[in-house]
Protein chains: 2
Amino acid sequence: MDEQKSNRRRGEVLESAILQAAWEEFSDLGYAHLTMESVAARAKTNKAVLYRRWSNKAELIRAALHIYLPKPMTVIPDTGNLRNDVVLYLRGLAEPLQIVGADAIHALIGELLNKSLISAIPPILQPGTESKLGAAMLTILKNAEKRGEINLAQMSPRIISLPLDLFRYEVLSRHEPVSDKTITEIVDVIFMPLLK
Amino acid sequence: MDEQKSNRRRGEVLESAILQAAWEEFSDLGYAHLTMESVAARAKTNKAVLYRRWSNKAELIRAALHIYLPKPMTVIPDTGNLRNDVVLYLRGLAEPLQIVGADAIHALIGELLNKSLISAIPPILQPGTESKLGAAMLTILKNAEKRGEINLAQMSPRIISLPLDLFRYEVLSRHEPVSDKTITEIVDVIFMPLLK
DNA sequence: CATATTAGAAACGGTTAAGTATCTTATTTG
DNA sequence: CAAATAAGATACTTAACCGTTTCTAATATG
């Protein structure tokens, strides 16, 4: 007998449990359909505890996304081969999506027009972040130019942004992580053949 | 003096005014933020009149979309030239979007995950309608094959769907009608060069 | 002109969920 | 071990908005 009479969580332990519950509710239901009650219930606590830490629903969910969404990779591949660099670049974009999984991607896409969450949405899904993500691509292409693989000046901007555009389309239309097969197809069937 | 003491609308006149108000509210606010009250107010009538005609909000908005969203074109271009056929095909997709305008496109994209409206969303925005829209593209390509312009059997499916994919990406990412410049770029800079 | 329709107006009831307040009780800390 | 802290539980307030109801008055129709 003599079970633990209770096991009241406090501080960081409780906070982490709440943030995890918030993340799961978000993945399962999306922002609009989750409620503070449902998050509290999932974390086996109650609303008041939530409001003691975050002043409203948007702040709670932003905090959960901040923790659970992987940060995008920053290293720019430089293998001495354009084709491989582009594949690795796209794989670097795909990896975070594989970690979060299809449910969360679906939920995130549903929030693309939600102003109170937009800052927490990964750049790969966000409109208007072309330049930021495109910068890495440009570096890859400049490296290829140094090796004499391409002539950057005579490449159309549309071709330059094509790998990223197709990658994004894949995510936006399928709502799931982008497969390796898709990545190599984008590069080998579309992008590379366009470089003459 | 002697103004018209009143001018109470009835029947079809009133119904059209309500549907127009519903369409405008939808374009301005999106489904989630428009209310039956706001539609009634915009149509200068009241909620009860709306509920006498449509049993709920979803039905009202579906009816409005049904009227105000142009039906997609059905004719498949056959000019004797592949490049021109594909440009005309994409223009046929762009035309309805130009009619509805950027605000409505934005609102429609916001509803892509809304089950009660999804059937009213134009195929060009809807996921899972590739085959329907792609059929026209396939016919165009078969015609080109008959003329000896291409060999369909050795074309990757990814290249076949590329014009449509890029068109869709353009709409999904920019939330506005697709310009003619973009269409010709997709065809002349990307698609045609990939056919050897 | 009499009668049936249907619009106008306004109040009402129900639901959902956000956010607050209060009180009790477990656990930490000095 | 006493006092402070923070969790648990629950009730409450507020707000938005859907959908209904009821009553009055305008207008169409026979």
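Chain letters run A, B, ... following the sequence lines, proteins first and then strands; every chain starts at 1.
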Take the protein atom CD of A/E15 and the nucleotide atom P of D/dG8, then report the distance between them rounded to whole Å. 13 Å

Interface residues of residues 108-120 of chain A with DNA chain D (non-hydrogen, below 4.0 angstrom): none

Would you kindly give the CG-to-C1' distance between A/L14 and D/dG8, to the nearest whole Å? 10 Å

Quick one: which residue pairs count as a side-chain hydrogen bond (donor to acceptor under 3.5 Å, both in side chains) with a foot in residues 87-100 of chain B, not counting sequence neighbours? B/R91-B/D180

Rounded to the Å, how far apart are B/M36 CE and C/dA11 C1'? 18 Å

Hey, quick one: are A/L88 and A/V171 part of the same hydrophobic cluster, counting side-chain heavy atoms closer than 4.5 Å, chains of contacts allowed? no

Would one find a side-chain N or O of B/T45 under 4.0 angstrom from OP1 or OP2 of C/dA7? no

Roughly how far, to the nearest 0.5 Å, is the CG atom of B/L138 from the CD atom of B/E145? 9.5 Å

Which ones in residues 18-35 of chain B lie close to DNA chain D, meaning a heavy atom under 4.0 Å from one of its atoms? B/L34, B/T35

Pairing of B/K142 and B/E149 as salt bridge, 4.0 angstrom limit: no

Anything under 3.5 Å between a protein N or O and an N or O of nucleotides 28-30 of chain C, put it in a table, one pair a line.
none

Would you please name every residue forming a ring pair (Phe, Tyr, Trp, His ring centres under 6.0 Å) with B/Y169, sequence neighbours left out? none

Between B/K47 (NZ) and D/dC18 (C1'), how many Å, whole number? 6 Å

Which pairs with one or both residues in residues 38-49 of chain A pass salt bridge (Lys or Arg N to Asp or Glu O under 4.0 Å), sequence neighbours excluded? A/E24-A/R42, A/E25-A/R42, A/D28-A/R42, A/E37-A/K47

Starting from B/L34, can I reach A/L113 by hopping between I/L/V/M/F/W/Y residues whose side chains sit under 4.5 Å apart? no

What residues from residues 49-66 of chain A pass a heavy-atom cutoff of under 4.0 Å to DNA chain D? A/V49, A/R52, A/R53

Check: residues 188-196 of chain B side-chain donor-acceptor pairs under 3.5 Å, at least two apart:
unit_1	atom_1	unit_2	atom_2	d
B/D188	OD1	B/R83	NE	2.9
B/D188	OD2	B/R83	NH2	2.8

Between B/N46 (CG) and D/dC17 (P), how many Å, whole number? 18 Å

Test: ring-ring contact (aromatic ring centres under 6.0 Å, His included). Region: residues 46-66 of chain A. Which pairs qualify, not counting sequence neighbours? none

Taken in chain and number order and not counting sequence neighbours, the residues that satisfy ring pair (Phe, Tyr, Trp, His ring centres under 6.0 Å) with A/F167 are none

Between A/I160 and A/M137 the two heavy atoms that sit nearest each other are O-CG, 3.7 Å

Sequence neighbours left out, cut at 3.5 Å: what donor-acceptor pairs do the side chains of residues 102-112 of chain B make with other protein atoms?
unit_1	atom_1	unit_2	atom_2	d
B/H106	ND1	B/H175	ND1	2.8
B/E111	OE1	B/N114	ND2	3.1
B/E111	OE2	B/Y31	N	3.3

Tell me which pairs pass side-chain hydrogen bond (donor to acceptor under 3.5 Å, both in side chains) where either residue lies in residues 121-137 of chain A, with sequence neighbours left out. A/T129-A/R168

Value in whole Å for how far the C1' atom of C/dG19 lies from CD of A/E37: 10 Å

